[in-house]
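Working notes, beginning with the structure itself.
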Amino acid sequence: MNKRLTVAALALTLLTAACGGDDKAKTPAPSVQATTPTTAAPVRGGTLVVAISSDPGSLNPAVTSNGGVHTASEMMFNGLVGWGADGKLAPELADSWVIEGGGTTYTFKLHPGVKWHDGQDFTSDDVKFTFEKALLKLHSRTAASVGSAGVTITTPDPRTVVFTFPQPYAPLLQQLNVTEAPIISKHQFESCTDLATVASCPANKAPIGTGPFKLDSYSITEIKMSRNANYFKPGLPYLDGLVERVIPDTGTQVLALENKEVDWLGSVPGPDLARVKANPALATAAAPRGSGGGNCITTVIFNMKPPAGRPAFFADLRTRQAVWAATNRQQAFQQIEFNQGKVADAPIHSGISFAHASGLALPTFDVAKAKTLLDQAGWKDEGKATRIARGVQGVPDGTEFAIDYHGFVGAQTTYGEVLRTQLKDVGIAVTVKTEDNPTFSAAVFTRREFDTGVASYCNGDDPEIGVRRQYDTKQISTTAFSNGAGYSNPEVDTLLDQAAREPDPAKRTPIYRKLQEIAVRDLPYMWMTESAGVRAFTANCTGFNHENTGLFAEAASCKR
Amino acid sequence: MNRRYLVRRLLQVLPAVASILIVTFAIVHAAPGDPVVAVAGESGNQEYYAFMRAKFGLDRPLPQQFVTYSANVLTGDLGTSFAQGERVSTLIAERVPATLLLMGSALALSTVGGIVLGALAARRPFGPFDLAVSTAALVGYALPVFWMAQLAMLTIAFRTGWFPVQGMTDARANWTGLHHLLDVGRHLALPALVLAASEVALITRMARTGILAEMDRGYVTVAQAKGLSATGALVHHALRNALLPVVTVVGTRIGFLFSGAVLVETVFGWPGLGRLVLSAAQTRDHPVLLGMVLLVAFSLVLANLVTDLIYARVDPRIRYR
């Protein structure tokens, strides 16, 4: 028996499949309008100007998880499954899907008549090609999750794609949106997906997609797109054009918005937010997801496994506990985030409600306790500004407790400045290293030559997307934003695998709770803040989908 | 003009540029950050990274990389951008017009404005106008250009709404012809004024000092004794001789003007070479960075040569051998 569910109930699909004693669940295609807000009669025409922070260098989102590339390019592509304006899963290139074998087989029926921007037909071959040649190799999050799960993809006919896993794999549907799995065209990228050609593929600069906008021109300062008149969602998009203008400084982005040169900002800096909200010509909205994923936690990484010859400052649990106790996270949050978001209270973001554990016993701010823990770990106060190692595990005697802190984004680096001040009080000297992304990634993830670092780990809509990479032993790798701490706990690995195979969210909840209790006991990271992005846009533009980050302007329109 | 002198000066360009190239090559490669990770993404796919390293030639010893690069440069090949995948010469050529427009406008504004203000100030030394101009020049010269750019954006562009804060054209418009020119002019005005501000300060001071020195010379006194007004003596006699140090300053300031343009372009989103340099630095795009350094080095050396040649035009007493 099949159970037909509406999109609003789609999140319960897996649960229903498991609890109902039936290993088959099917979801029909709802109307497209269900995924878009209908607050005002849309106006056809006009151009939306979007500020982006950097030249993406490429417009192929399938071969990277780089946020800059995704922000710039996603509006030209689609995923198999998207996010409706109500925050629930919604059909996109796939009209419907059937889950069988308790989550080992997913069969997707593709929307008929979808065309690429060059007029050629979109088929299941494109999906298979995108996953096998691009996403599972080069998109770090999708490769680490879906790829690690051992998926095989078959295409029985041009409108059917089957994903098969050796074990049940629960979170697939949440990983098929345009950010996690954008579908690129086989006929355009076929010659560019071996390692010899992917980065230099000319198509990376002039891709064709199935998305609501098609590329007109690309330069390092501006990307211009125009309406895809053959878009498979009837009537959409309403806008004639979309221009992405590169404005590196976020403060200047806000000025450009206020000066009416720009219509949309993906994120407003905290110091400017009050001014933007007070401006009647502008509107704001919460940003649950970003191009780097959703549900992000600003996290301090303790390097528990430095390379040979580098002192292992954080190999001893008591040292990590001491840094936690010496850090006033609430103060850091207020000073840096201007009260946007909240202080993290668990390793998993509260936005993933079924997995987030509340009431965990995180270390509290207690300077006296921090000093005691440092003494016990062998970090002795010998009357100098910094403590000295005397019998510390993994650290030569006589070593000063002087550590570095790597960060690459403005606000994240500022956390280092706050830590430097706070840790000084317990005899730990911190040198803050402000770096750009390549330098940061090379130091922290490639060479592991760091003591502490900071990253915004986006958990995604399922822990399998963005949490596993932080804690799984197999994710101690050179991949950026993987298990930076070098944390390895077989019990945690087992729990991660167990949760990934469990299709019932209710049954996954205790597994993730157990995992978080262990993480809080071991403290490989210091979870600082659940960041909460705020978008801003001109008030005369409406119809944005704030849930489907990549396709936010699919149904937008502006009255000029 | 002595042709031997010209050839000798041109030959002197080569060791200067070669030295700059060696130093820059070493600095660019010693800088932290991996261009392969910057270009190939964060996948951590070591096989892919190794391929990219080999493709860019980064797997070879540094001296070998330098020899290969230098040999290519001698044949006019600046290489291919790691990040953009296009010829460096093409990327530079695409952006030169925007930077030349900005620098040229700033140079014209600062030179003409500086000479006029200097001449006006010199008419009444230590008078109210002179003091006001001298004070403003001092302030203008002391302010870092990137700070002045942000200040101008906040106080002039944003508060008044007279000027846009970003870009070279209106993103929503597709104007052509006169409308396009006016649009570009409106976007150009503030960046050019900011870039000109520190230069105009210096030129004003140089022109004022030069004119005052010349006005005390005997030939000016003679001209005035023969009935020429003070203004006439200044314009027709003192000014031309006072321009020699101004020409020197303008010639030697091309490099500063370019570095200022990089900053101003970044603040105002002007699509020129400055943005290319910033983007190349962020992505560790060695060929683009080296190509830009070569271009600037050549430009500076040639600007100095042109300055020397203009000397002879301004002051006929100067001869080159």
Side-chain angles (χ1 to χ4, degrees), chain A residues 46-49 51 54-55 57-58 63-66 69 137-140 143-144 195-196 198-202 204-205 219-222 224 241 243 245-249 251-253 255-256 258-263 435-443 445-446 477-482 560, chain B residues 31-52 55 80-86 91 94-95 98 150 153-154 157-158 161 163-174 265-272 275-276 278-285:
Chain A
T47 299
L48 187 82
V49 184
S54 60
D55 162 35
S58 158
V63 296
T64 180
S65 56
N66 180 295
V69 175
K137 280 184 178 175
L138 298 167
H139 188 291
S140 60
L195 294 179
V198 68
S200 55
C201 183
N204 288 340
K205 292 286 180 63
S219 76
I220 62 167
T221 53
E222 202 168 78
K224 288 192 171 184
V243 176
R245 188 157 264 196
V246 179
I247 305 177
D249 179 61
T252 309
Q253 288 182 1
L255 288 181
E258 291 173 302
N259 218 30
K260 300 182 176 62
E261 293 170 52
V262 160
D263 297 310
E435 296 158 333
D436 54 13
N437 196 353
T439 310
F440 172 83
S441 295
F445 296 101
T446 308
S477 73
T478 52
T479 300
F481 307 103
S482 53
R560 300 290 182 196
Chain B
D34 189 341
V36 167
V37 176
V39 173
E42 300 155 350
S43 69
N45 186 327
Q46 293 303 307
E47 189 192 353
Y48 183 33
Y49 288 173
F51 169 78
M52 294 298 285
K55 176 185 165 71
T80 302
S81 160
F82 292 167
Q84 310 276 331
E86 288 181 41
L91 289 173
E94 281 174 359
R95 284 155 188 86
Q150 289 178 325
M153 185 188 287
L154 275 170
F158 180 61
F163 302 103
V165 301
Q166 280 293 300
M168 191 173 176
T169 53
D170 186 333
R172 296 185 195 91
N174 284 311
E265 285 183 7
T266 303
V267 174
F268 285 102
W270 190 260
R275 294 296 296 278
L276 184 64
L278 179 72
S279 174
Q282 286 170 337
T283 54
R284 301 296 186 276
D285 200 340

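FYI, side chains are in, hydrogens and waters are out, and symmetry mates aren't considered; it's all heavy atoms of this structure. Remember, it's a predicted structure, so these values are computed and weren't measured experimentally.
Note: B/Pro164 leads B/Ser81, B/Pro271, B/Ser279, B/Pro164 in heavy-atom pairs under 4.5 Å with chain A. Note: A/Pro248 leads A/Ser54, A/Ser58, A/Pro248 in heavy-atom pairs under 4.5 Å with chain B. Ranked by non-hydrogen atom pairs under 4.5 Å with chain B, the options A/Thr47, A/Thr252, A/Val243 are led by A/Thr252. With chain A as partner, the option from B/Gly161, B/Ala171, B/Gly269 having the largest number of non-hydrogen pairs under 4.5 angstrom is B/Ala171. Considering only heavy-atom pairs separated by less than 4.5 Å from chain B, the leading option among A/Thr446, A/Val69, A/Ile247 is A/Ile247. Contact tally against chain B (heavy-atom pairs below 4.5 Å) for A/Val49, A/Asp55, A/Leu255: the top residue is A/Leu255. Comparing B/Arg95, B/Glu86, B/Met168 by heavy-atom pairs within less than 4.5 Å of chain A, the highest count is held by B/Arg95.
For B/Leu91, no part lies under 4.5 angstrom from a heavy atom of chain A. With a 4.5 angstrom heavy-atom cutoff, A/Ala256 touches chain B via backbone and side-chain atoms both. Only the side chain of A/Lys224 comes within contact range of chain B, judged by heavy atoms closer than 4.5 Å. For chain B, no part of A/Gln253 is nearby; none of its heavy atoms comes within less than 4.5 Å. Contacts between B/Ala281 and chain A at a heavy-atom distance below 4.5 Å involve the backbone alone (N, CA, C, O).
Under the 4.5 Å side-chain criterion, counting only non-hydrogen atoms from C-beta, A/Val262 is not in contact with B/Gln166. Between A/Asp249 and B/Val267, the closest side-chain pair of non-hydrogen atoms is not below 4.5 Å.
A donor-acceptor distance shorter than 3.5 angstrom exists from the side chain of A/Glu261 to the backbone of B/Val165, with no hydrogens or angles considered. Judged by distance alone, the side chain of B/Arg275 and the main-chain N or O of A/Val246 form a donor-acceptor pair under 3.5 Å.
The OG1 atom of B/Thr169 lies 5.0 Å from the CZ atom of A/Arg245; values are rounded to the nearest 0.5 Å. A distance of 9.5 Å separates CG of A/Asn259 from CE of B/Met153, quoted to the nearest 0.5 Å.
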With side chain to side chain contact (heavy atoms under 4.5 Å, CB included) as the criterion, how do B/Arg172 and A/Asp263 come out once you've worked through the C-alpha distance, each side chain's angles and the decisive distance to 0.1 Å? CA-CA 10 Å; B/Arg172 296 185 195 91; A/Asp263 297 310; 2.8 Å; yes

